[in-house]
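This chain uses plain numbering: 1 for the first residue, then up along the sequence.
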Amino acid sequence: MKRLFKVVFFGVCNWYFKYRFRKSIKSVDEKGEVYLVDIDNTLADTWPSLQQYVYRSESHRYESLSIFIGMRKFLLDKTKSKKRIIFISARSYLDYFSTRKWLSANGLNPHCIILVRRAEDKLDYINELLNKGISTIYIDDLSYGHEFGEMKLYEKVISKLKKLPIKYLGVKEIELINSAYETSNKGAKKGITYFKNYSSN
């Protein structure tokens, strides 16, 4: 029974995110652009929180994350330019509302949030944009393992991305965007412009 419920639950969630995605890009014409933006370790300073054991739940951890101010400003500039921004993250479907709350608390419009089970599942959404002839800018560090002392990359996913006609901004490009800024889960550092989400207090 639990297995059946799980299958149905994942099926419904997957359908919902596909529906939201298609609805969001419906009004984008062929001359338009879509920014598909990852959250963890791209926009949110996530990995340090995996080394801490001070959170009541996974949702509380996500709601308490600090944000990279450089990437935040970059996305706000794109929003002002009327660019379509879609957030995509490999998180549990159960964390949808905490993800939405975090984006709103940090001044970003959670117009469309897509959650997937694995990093490679993001390729399905990228390919759908390309099939519709929509110019795609994909921003994603595609990294993991920081909390264990060694950052690794999803090499197979990155290899597939390089074969696609998209603009891909990976680790190096993200670091450049954030190069003038620094963030810490412990709060502001001297001389650093810092935007912290305090809504979870």
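Within the model, atoms CG of L115 and CZ of R91 stand 7.5 Å from one another, a figure rounded to the nearest 0.5 Å. Interatomic distance, L76 CG to N109 CG, rounded to the nearest 0.5 Å: 10.0 Å. A distance of 11.0 Å separates CD1 in I113 from CD1 in I86, rounded to the nearest 0.5 Å. Summarising the geometry, atom CZ belonging to F87 is positioned 6.5 Å from atom CD1 belonging to I39; distances are rounded to the nearest 0.5 Å. Separation of atoms CG (L36) and CG (D140) is listed at 8.5 Å; rounding is to 0.5 Å. Here the straight-line distance linking atom CG of L129 with atom CD1 of I25 works out to 5.0 Å at 0.5 Å rounding.
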*What do the steps show when you test F74 against I139 for side chain to side chain contact (heavy atoms under 4.5 Å, CB included), and what is the final call?*
CA-CA 11 Å; F74 176 83; I139 308 175; 3.6 Å; yes

*Report the C-alpha separation of D40 and L65 in whole Å, then their side-chain angles, then the decisive distance to 0.1 Å, and conclude whether the side chain to side chain contact (heavy atoms under 4.5 Å, CB included) test is met.*
CA-CA 9 Å; D40 294 313; L65 295 176; 4.0 Å; yes

*Go through the steps for L161 and L142 under the test side chain to side chain contact (heavy atoms under 4.5 Å, CB included), then give the verdict.*
CA-CA 11 Å; L161 285 173; L142 284 172; 3.4 Å; yes

_N41 vs V171, side chain to side chain contact (heavy atoms under 4.5 Å, CB included): CA-CA, chis, key distance, verdict_ = CA-CA 9 Å; N41 302 314; V171 171; over 6 Å; no

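Here R61 pairs with E58 in a salt bridge; the nearest charged N to carboxylate O distance falls below 4.0 Å.
Residue F97 qualifies as open at atom CZ: its count of foreign heavy atoms under 6.0 Å is 12 or below. More than 12 heavy-atom neighbours from other residues, nucleotides or ligands sit within 6.0 angstrom of CZ on R100. Heavy-atom contacts from other residues, nucleotides or ligands closer than 6.0 Å to NZ of K18 number more than 12.
With hydrophobic clusters built from ILVMFWY side chains whose heavy atoms lie under 4.5 angstrom apart, V12 does not share a cluster with V7.
Between the side chain of E173 and the backbone N or O of G170, at least one donor-acceptor pair lies under 3.5 Å. Although no hydrogens or angles enter the test, the distance criterion places a donor-acceptor pair under 3.5 Å between the side chain of T79 and the main chain of L75. Counting only distance, with no hydrogens or angles, the side chain of R72 and the backbone of I67 share no donor-acceptor pair below 3.5 Å. A distance-only check finds no donor-acceptor pair linking the side chain of R117 to the backbone of Y93 [under 3.5 Å]. Side-chain atoms of N106 never come within 3.5 Å of backbone atoms of L108 as a donor-acceptor pair (strictly under, hydrogens ignored). In this structure, S92 contributes its side chain and L94 its backbone to a donor-acceptor pair below 3.5 Å. The closest donor-acceptor contact from the side chain of S159 to the backbone of K156 lies at 3.5 Å or more, if one exists at all. Counting only distance, with no hydrogens or angles, the side chain of N178 and the backbone of I174 share a donor-acceptor pair below 3.5 Å. In this structure, the side chain of T42 engages the main chain of D141 through a donor-acceptor pair within 3.5 Å.
Using bins of under 30°, 30° to 60° and over 60° for the plane-to-plane angle, the ring pair Y154/Y144 lands in the tilted bin.
Annotation: ring-ring contact (aromatic ring centres under 6.0 Å, His included) contacts of Y138 (sequence neighbours excluded): Y168. In terms of the salt bridge (charged side-chain N to carboxylate O under 4.0 Å, His left out) criterion, D124 has no residue partners (sequence neighbours excluded).
Taking the six-membered ring for Trp, F17 and Y96 have ring centres closer than 6.0 Å.
Across every non-hydrogen atom of V28 and I134, the tightest pair is CG1-CG2, 3.8 Å. Looking at every heavy atom in both residues, R20 comes nearest to H111 through NH2-O, 2.6 Å. For the residue pair D95 and S59, the shortest heavy atom distance occurs at OD1-OG, 3.3 Å. For the pair S143 and L153, the tightest heavy-atom approach, listed with the atom from each and the gap, is CB-CD2, 3.7 Å. Among all heavy-atom pairs drawn from L43 and D38, the shortest one is CB-O, 4.0 Å. Taking all atoms of both residues into account, the shortest heavy-atom contact from S49 to T46 is OG-O, 2.6 Å.
If you run side chain to side chain contact (heavy atoms under 4.5 Å, CB included) between D121 and each of V157, I114, V116, only V116 comes through.
The closest side-chain donor-acceptor pair between S66 and D45, if any, does not fall under 3.5 angstrom.
With a 6.0 Å cutoff to the six-membered ring centre and a 45° limit on the axis angle, K73 does not count as a cation-pi contact of F68.
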